Amino acid sequence: MRWSNLFVPTLREAPGDAEAVSHALLVRAGFIRQLHAGHYSLLPLGWRVHNKVAAIVREEMDALGGQEFLLPTMHPASIWKKSGRWDTMGEIMFRLNDRRDNEMALGITHEEIFSTVATELTSYKELPQIWYQIQLKFRDEARPKSGLLRVREFSMKDSYSFDIDSAGLDKAFEAHREAYIRIFDRLKLSAMPVEASSGAMGGNSSVEFMVPCDAGEDDVARCDSCGYSANVEKATSALPAIEDKPGPDQVERFATPDIRTIEQLTTFEGGAEASRQIKTLVMVIDDELTLVILRGDHQLNEQKLLDATGAVAIRQAGADEILSALGARPGSLGPVGVEGLKIIADEALRGRSNMTTGANEDDWHVRGVSIERDVTVSSWADLRQVTSGEQCPLCEAPLRLVRCVEAGHIFKLGTTYAEKFDLSVANAEGAQTPIVMGSYGIGIGRNMATVAETHNDDNGLVWPVSVAPFEVVITTVKNDETSMNAAVSIYEELKRRRVDVVLDDRNARAGVKFADAELVGIPYRITIGPRALKENEVEFTERRSGETSRIGVDQVVDFVTGTVNDAR
RNA sequence: CAGGGUGUAGCUCAGUUUGGUAGAGCAUUCGCUUUGGAAGCGAAAGGUCAAAGGUUCGAGUCCUUUUACCCUGACCA
């Protein structure tokens, strides 16, 4: 490819609305353009990188026995109703009606479609199967952001395993785990597998692959000592036990004028420190008003509450709902004596006594509360958000919270879809057995953006060779006949050796061409200029280090081919 | 969905306070001069000032409504 024929609209300045580094650089370097919020056009360079990421994913999927499909993106509502996700997916799913007014949806993922195909599996002899596709997904995200990192239309590799039993699923899951590690290794992403919430996907076990990166949206609790790592939606920590002094035989009411927060109560005469208070939250869980209680100094993690209750939707109750249910406003709420409402308690409250909380009357609190004696707890769950510095649940070293991008996620679905779609095969005894499924996702565009996010410097992008839009750029300093002859002959020979090379033959100043090559992030540059050429040499520059060396015209093709092959 | 911000040339942005002929830098095109790190000089072209309505002799600027995009949170495989 000759640069003079390429469409690479580089910009000296980034568009003002690009906040994330990858967003700014991918736009500046001419890889992407925004069409509207959450929808991007991939320009030729962007599409080249995208395809290389996809090719790596495809190779690793094929290596574990995966078979590639291409499934429809537009689906009839009926299959989503069959799985139950027509209702549970809520607003995330784009929905539309066709000319006959039939309900349709754009796929957010493809469990339903693959499950439909999988009804044709009839015998255990056909199992296991691993099916995958690399396809567009549509999600009506409430807030697309950060360029390619969170979009509403994106291509994703999603694979699905079908096994006769859970041992088979474990094997498929492990094969995917290893394949994902290889994929991220080839993408030069330091992804770490972490325990994760399965969220709305269903299933009972999942692992996320998280890449530490400021532009990310998830926090991972990590122990540097033993390697424990989990998404904060799942993470726990070891808390030092709190010894409660003996309290009164019954709850005591006391007046607390204008005290509305846990913070205020810590300094109020007769109050209590935050860890000796009960925080009372009123949540509406699938339309049911519920009390959620935690230690005063703990934060609720809503995903944990979702997982603990199996609920579809959770929101905080409004002030009016709270007042009519409890008789007080937020700031004076408590679980003591509450009847007729479900009370979900965080594990950290178990066995606690002599605690202080709201009296469900404005300006009044109660103390001497013993959880077991005074609160009718409906269920216990781990609900609190882990914070930095707390002790690792495994080894008690301090935990660290790391901001991450979710680059991949693998789930053990079990038999959920087998039951909904009546997927079963005859086993060796001739009995019908439900198929056990797993599902495994990795976003192509998101990984491309994550590589950009983690591989750049002041001059622009620094692609790993494995996904670079071109592996080598040949830059001519002057376009005189001698230079061009040398350049073209090296270019042709590199192409013959299957090196992905671009010849920057533009009639532009050298500085412009150097700057563009660096902004675009091509890993290796061969500079052909009069200085070196006089001595029958060219220059070779590595983008990452910026180091330049001279090399003979006769050796350069061998040398570059070898260097590129080693780095692939 | 809540809160905040922005919308003027391809890009980055001034101009809005105090209404009076639409601006700059970069990019583009042409000419000259240049040619190893985003060159210089000269010229040209480029606009429905997000949209609609209103006030006014006159609106980029004031008022109303709408809309788009960005940020924080909520939400989210």
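In what follows, chains carry the letters A, B, and so on, assigned in the order in which the sequence lines appear, proteins first and then strands, with residues in each chain numbered from 1. From a predicted model like this one, the values you see are computed outputs, not experimental measurements.
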I'd like the [atom1] distance from [M] over to [N], given in whole Å.
| N | M | atom1 | answer |
| --- | --- | --- | --- |
| U33(B) | A22(B) | C1' | 33 Å |
| G20(B) | G37(B) | P | 46 Å |
| U18(B) | G23(B) | P | 23 Å |
| A68(B) | U29(B) | P | 35 Å |
| G54(B) | C1(B) | P | 29 Å |
| G3(B) | A74(B) | P | 16 Å |
| U66(B) | A2(B) | P | 13 Å |
| U61(B) | G7(B) | C1' | 15 Å |

Base paired to [N] (Watson-Crick or G-U; both N/O distances under 3.5 angstrom):
| N | answer |
| --- | --- |
| U35(B) | none |
| U72(B) | A2(B) |
| U55(B) | none |
| G42(B) | C30(B) |
| A24(B) | U12(B) |

Please determine if R152(A) forms a cation-pi arrangement with F138(A), meaning its NZ or CZ atom is less than 6.0 Å from the six-membered ring centre and no more than 45° off the ring axis.
no

Between W86(A) and R95(A), is there a cation-pi geometry (under 6.0 Å to ring centre, at most 45° from the normal)?
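Verdict for W86(A): a cation-pi partner in R95(A).
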
With heavy atoms under 4.0 Å as the rule, sort A142(A) into base, sugar-phosphate or nothing.
base

So, [X] and [Y]: side-chain donor and acceptor under 3.5 Å apart, yes or no?
| X | Y | answer |
| --- | --- | --- |
| K157(A) | S159(A) | yes |
| E111(A) | S115(A) | no |
| Y180(A) | H409(A) | no |
| D516(A) | T10(A) | yes |
| H75(A) | W80(A) | yes |
| K412(A) | S439(A) | no |

Whole-Å distance between [N] [atom2] and [X] [atom1]?
| X | N | atom1 | atom2 | answer |
| --- | --- | --- | --- | --- |
| E406(A) | C76(B) | CD | P | 13 Å |
| E19(A) | C71(B) | CD | C1' | 7 Å |
| R506(A) | U28(B) | CZ | P | 11 Å |
| E141(A) | A74(B) | CD | P | 14 Å |
| I92(A) | C75(B) | CD1 | C1' | 8 Å |
| N301(A) | A74(B) | CG | C1' | 13 Å |
| H39(A) | A68(B) | NE2 | C1' | 13 Å |
| E13(A) | G25(B) | CD | C1' | 8 Å |

Taking all non-hydrogen atoms of both residues, which atom of E453(A) and which atom of L149(A) are closest, and how far apart?
OE1-CD1, 4.1 Å

Note: K137(A) and Q133(A) closest approach over all heavy atoms is NZ-NE2, 3.1 Å

Do the side-chain N or O atoms of Q34(A) get closer than 4.0 angstrom to the phosphate oxygens (OP1, OP2) of C70(B)?
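Answer yes for this pair, as a side-chain N or O of Q34(A) is under 4.0 Å from OP1 or OP2.
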
Mapping Y160(A) and K145(A) onto RNA chain B by nearest heavy atom, which one lands closer to the 5' end?
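Result of the comparison: K145(A).
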
Between L306(A) and R143(A), name the one whose nearest nucleotide on RNA chain B is closer to the 5' end.
R143(A)

Summarise how protein sits on nucleotides 29-43 of chain B as a single string, 5' to 3': B when a protein heavy atom is under 4.0 Å from the base, S for sugar-phosphate-only contact, - for no contact.
-----BSBBBB----

In B/S/- notation (B base, S sugar-phosphate only, - none; protein heavy atoms under 4.0 Å), nucleotides 45-52 of chain B written 5' to 3' is --------

Checking R58(A) now: which residues fulfil side chain to side chain contact (heavy atoms under 4.5 Å, CB included) with it, not counting sequence neighbours?
D62(A), E68(A), Y132(A), I134(A)

